[in-house]
There are 2 protein chains.
Amino acid sequence: MHYSDLIKTIKERREVLNVTQKTLAELAGVGLRTLKQFESGKGNPTLHTLQKISGVLGMEVCLKIRNLEAK
Amino acid sequence: MHYSDLIKTIKERREVLNVTQKTLAELAGVGLRTLKQFESGKGNPTLHTLQKISGVLGMEVCLKIRNLEAK
DNA sequence: TCGAAAAGTGCATTTTATTGCTCTTTTTAA
DNA sequence: TTAAAAAGAGCAATAAAATGCACTTTTCGA
């Protein structure tokens, strides 16, 4: 996934769950500012930060072999 | 994936490809020290750093819904 | 329409990741 | 076995992430 897709995934997942940035930040234990920056494409979160956010949303960070077929 | 699994995945993939930390660091454009710290479990790389490393190894960082079934 | 909630941004500070240098330990091949 | 390559770690400097506060803009429901 490209950087923008990771952001999009987090943002959409949060919206589907109907959670505000403020609530997600609190539940994930990260600063609201950090989440705002990430979602607005201004950030470069650490792996720990991304994992904390993903976790609250019922998601996980993973690594997979790139599929050349899949455009 | 847990943090340690992400490390393991990167490390094993690098070894399967028979690439040294030095070479991978150079190809990925990250400091050798950064890669060493990550692989030895001492680091907390930024998303950009992890993407650069993964990319060289033919992998990508992704987010997926956690599967409760899968142990 | 319009007021409140949510999201986005500038600024400053603190914390921490990144990096290079050097050295020690471990692994590997001759 | 052992010498060289590769991996791991201490230290210090620099760059950048994380954070809070205050303010602006956008979104959305009454």
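Chain letters run A, B, ... following the sequence lines, proteins first, then strands; residues in each count from 1.
Between the CG atom of B:Leu32 and the P atom of C:dT22 there is a distance of 14 Å, given to the nearest Å. Rounded to an integer number of Å, the gap from CZ of A:Phe38 to C1' of D:dT19 is 17 Å. The interatomic distance linking A:Glu39 (CD) with D:dT26 (P) rounds to 17 Å, in whole Å. We find that NZ of B:Lys22 is positioned 17 Å from P of D:dA4, with the value rounded to whole Å. Here D:dA6 presents its P atom at 14 Å from CG of B:Leu35, a figure rounded to the nearest Å. If you take CD of A:Gln37 and C1' of D:dA18, they are 8 Å apart, rounded to a whole angstrom. Taking atom CG on B:Leu47 and atom C1' on D:dA16, their separation rounds to 14 Å, with Å as the unit. B:Asn44 has its CG atom 10 Å from the C1' atom of D:dA17, to the nearest Å.
A donor-acceptor contact under 3.5 Å links the side chain of B:Arg33 to the base of D:dG10.
Nearer the 5' end of DNA chain D, as judged by each residue's closest nucleotide, is the contact made by A:Gly31, out of A:Lys36 and A:Gly31.
When the side-chain nitrogen and oxygen atoms of A:Ser40 are compared with OP1 and OP2 of C:dA7, none of them lie within a distance under 4.0 Å. Within the 4.0 Å cut-off from OP1 or OP2 of D:dG8, not a single side-chain nitrogen or oxygen of B:Lys42 is found. For B:Gln21, a side-chain nitrogen or oxygen approaches OP1 or OP2 of D:dG8 to under 4.0 Å. For B:Thr46, no side-chain nitrogen or oxygen approaches OP1 or OP2 of D:dA16 to under 4.0 Å. Within the structure, a side-chain polar atom (N or O) of A:Lys11 is placed less than 4.0 Å from OP1 or OP2 of C:dG8. Side-chain N/O atoms of B:Thr34 include none lying less than 4.0 angstrom from OP1 or OP2 on C:dA17.
Ranking D:dA7, C:dA7, D:dT19 by closeness to the A:Val30 side chain, first place goes to D:dT19.
Pairing each heavy atom of A:Leu35 with each of A:Gln21, the nearest pair is CD2-O, 3.2 Å. The two residues A:Met1 and A:Thr9 have their closest heavy-atom pair at CE-OG1, 2.9 Å. Nearest approach of A:Leu6 to B:Gln51, heavy atoms of both residues: CD1-NE2, 3.4 Å. Across every non-hydrogen atom of B:Val61 and B:Ser54, the tightest pair is CG2-OG, 3.9 Å.
One finds no salt bridge joining A:Lys11 and A:Glu15 here, because no Lys/Arg side-chain nitrogen approaches an Asp/Glu carboxylate oxygen to under 4.0 Å.
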